[in-house]
Asker: 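Here it is: the structure, laid out below.
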Number of protein chains: 2
Amino acid sequence: MAEENQELRRAGLKVTLPRVKILQILESAGVEQQHLSAEEVYDALRDAGENVGLATVYRVLTQFAAAGLVTRHNFEAGRDGSGTSHSVFELARGEHHDHMVCMESGEVVEFHDAVIEERQRQIAEEQGYELVDHSLVLYVRKKS
Amino acid sequence: MAEENQELRRAGLKVTLPRVKILQILESAGVEQQHLSAEEVYDALRDAGENVGLATVYRVLTQFAAAGLVTRHNFEAGRDGSGTSHSVFELARGEHHDHMVCMESGEVVEFHDAVIEERQRQIAEEQGYELVDHSLVLYVRKKS
DNA sequence: CTTTATGCAAATGCTTTGCAGTGCC
DNA sequence: GGCACTGCAAAGCATTTGCATAAAG
């Protein structure tokens with residue numbers, strides 16, 4: 001219960017109601033809903049009876065991301081080159097992983113592959129670069 | 001010279017000055033500048049003395065993307081979770097490739113790796129999905 | 001001629017900011 | 001009490017759309 005407060009303090013952030021609530025929402029998100037948009041967090045707050053402004057949700061999530069508490073992703077909505085893409089946030093639970101998004105259901109599956117990770121490092125190196133970060137998203141469709 | 005007109009007709013688009021000009025700009029982009037934002041294309045047009053509206057640039061690029069003539073990417077600006085990301089367009093020259101973006105210089109290097117491509121397919125399959133598309137961007141830093 | 005494209009300006013959607021008021025430590 | 005945090009409304013960007021005009025086939 002006081003767990004969240006610790007995390008916040010560690011991040012150098014004052015323990016306030018919006019921050020604690022948002023952290024709880026992210027922590028309690030079911031496996032199927034680990035990737036929330038700012039709007040979804042906002043709605044969850046209202047459903048929980050808390051009156052937090054959308055601006056605050058964005059501010060808090062951005063701070064959390066800067067503190068490494070959460071990760072921000074930018075999944076593109078549809079293929080078809082519709083530049084529409086909103087951010088989704090997910091609690092950073094230690095190890096890194098990539099994502100697979102179903103183009104039909106919107107479902108998100110996480111995965112981690114050592115082979116790919118290593119190849120990426122090698123490829124960057126071959127070009128004289130050091131790999132700092134990467135973003136890999138597979139757009140998939142359920143098999144029939 | 002009439003090459004562009006053929007490509008446009010093939011795509012089912014009327015041959016108009018804005019479309020031809022934009023196609024030329026993309027084709028003549030140097031190796032270091034193959035990835036242009038709508039704004040950059042717009043500026044290039046003005047520099048070439050053509051008065052094309054930015055809205056038209058967007059419309060044309062979107063049509064080109066839909067026709068498969070160009071590919072639209074969404075490189076994120078800075079890491080640090082600043083959701084800032086604008087689209088860049090690149091001429092689709094046949095084979096698929098991924099990108100490596102230098103976080104300092106903004107330079108973009110293209111690459112293709114059969115191992116990664118294959119692993120992606122396998123990973124999707126293992127989860128009962130069919131791989132439709134993917135987006136892979138490596139964020140790198142020049143080695144010292 | 002008829003259809004499709006263009007330009008401009010206004011509208012959008014998501015995200016950030018300015019500022020006065022509020023609540024942590 | 002002071003300074004960080006919040007809420008609200010307004011500002012910002014990149015991109016899209018409505019509509020009257022202009023050009024293509």
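Chain letters run A, B, ... following the sequence lines, proteins first and then strands; every chain starts at 1. Just so you know, these numbers come straight off a predicted model, no measurement behind them.
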Asker: Rounded to whole Å, how long is the line connecting atom CG of A:Asn51 with atom C1' of C:dG23?
Answerer: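 Rounded to whole Å, this separation is 16 Å.
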Asker: May I ask you to verify if any side-chain N or O of B:Thr62 is less than 4.0 angstrom from the OP1 or OP2 atom of D:dT15?
Answerer: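 Answer is no, no contact under 4.0 Å.
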Asker: Which nucleotide, C:dT15, D:dT16, D:dT6, lies nearest any side-chain atom of A:His86?
Answerer: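 Between C:dT15, D:dT16, D:dT6, the one nearest the side chain of A:His86 would be C:dT15.
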Asker: Can you check the B:Lys21 NZ to C:dA5 C1' distance for me, whole Å?
Answerer: 18 Å
Asker: Is there a path from A:Val88 to A:Val140 through hydrophobic residues (I, L, V, M, F, W, Y) whose side chains come within less than 4.5 Å of each other?
Answerer: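 Each belongs to a different hydrophobic cluster.
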Asker: What integer number of Å spans the C1' atoms of D:dG7 and D:dA11?
Answerer: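 Result for the C1' pair: 16 Å, nearest Å.
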Asker: In this structure, how many angstroms lie between the C1' atom of C:dT15 and the OH atom of A:Tyr42, rounded?
Answerer: 14 Å
Asker: Could you check how far CG of B:Leu61 sits from P of C:dT6, rounded to whole Å?
Answerer: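 In whole Å, C:dT6 P and B:Leu61 CG are 11 Å from each other.
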Asker: State, to the nearest 10°, the angle formed by the axis through the first five base pairs of the helix from C:dC1-D:dG25 to C:dC14-D:dG12 and the axis through its last five.
Answerer: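 Axis-to-axis angle, ends of the helix: 30°.
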Asker: Tell me the interatomic distance from A:Phe64, atom CZ, to D:dC5, atom P, rounded to whole angstroms.
Answerer: 11 Å
Asker: Grab the CG-P distance between A:Asn5 and C:dG23 for me, whole Å please.
Answerer: 18 Å
Asker: Is any NZ, NE, NH1 or NH2 atom of the basic residue among A:Arg10 and A:Glu7 found under 4.0 Å from an Asp or Glu carboxylate oxygen of the other?
Answerer: no
Asker: Closer than 4.0 Å, any side-chain N/O of B:Thr16 to the OP1 or OP2 of C:dT6?
Answerer: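 Result: yes.
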Asker: Any salt bridge linking B:Lys143 with A:Glu125? Criterion: basic side-chain nitrogen under 4.0 Å from a carboxylate oxygen.
Answerer: yes
Asker: Quick one: do A:Lys142 and A:Glu104 make a salt bridge, cutoff under 4.0 Å?
Answerer: no
Asker: Looking only at side-chain N and O atoms, does A:Glu90 offer a donor or acceptor that is under 3.5 Å from a partner on A:His73?
Answerer: yes
Asker: Measuring from the side chain of B:Lys14 (C-beta onward, heavy atoms only), which nucleotide among C:dT4, D:dT15, D:dC5 has the closest atom?
Answerer: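 Of all the options, the side chain of B:Lys14 is nearest to C:dT4.
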Asker: Answer with base, sugar-phosphate or nothing: what part of the nucleic acid does A:Arg59 contact at a heavy-atom distance below 4.0 Å?
Answerer: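 Base: the residue A:Arg59, judged by heavy atoms under 4.0 Å, touches a nucleobase.
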Asker: Let me spell it out: for each of B:Thr56 and A:Thr56, pick the nucleotide of DNA chain D with the closest heavy atom. Which residue's pick is nearer the 5' end?
Answerer: A:Thr56
Asker: Check every atom of D:dT15, D:dT6, C:dA5 against the side chain of B:Leu13 and return the nucleotide holding the closest atom.
Answerer: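 Per side-chain heavy atoms of B:Leu13, the pick is C:dA5.
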Asker: Ignoring backbone atoms, establish whether A:Tyr58 has a side-chain N or O less than 4.0 Å from OP1 or OP2 of C:dT15.
Answerer: yes
Asker: Nearest to the side chain of B:Val15, heavy atoms from C-beta on, is which of C:dA5, D:dT15, D:dG25?
Answerer: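 The closest nucleotide is D:dG25.
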Asker: Expressed as a whole number of angstroms, how long is the span from A:Glu39:CD to C:dC14:P?
Answerer: 7 Å
Asker: Does A:Leu17 or B:Ala55 map to a spot on DNA chain D nearer the 5' end, using the closest nucleotide for each?
Answerer: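 In this pair, the answer is A:Leu17.
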Asker: With clusters defined by side-chain heavy atoms of hydrophobic residues (ILVMFWY) lying less than 4.5 Å apart, directly or transitively, does B:Val101 cluster with B:Leu136?
Answerer: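 No: no chain of side-chain contacts under 4.5 Å links B:Leu136 to B:Val101.
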Asker: How many whole angstroms separate atom CZ of B:Arg19 from atom C1' of C:dT6?
Answerer: 10 Å
Asker: Answer yes if the ring centres of B:Phe75 and B:His99 are under 6.0 angstrom apart, and no otherwise.
Answerer: yes
Asker: For the rings on A:His134 and A:His96, is their centre-to-centre separation under 6.0 Å?
Answerer: yes
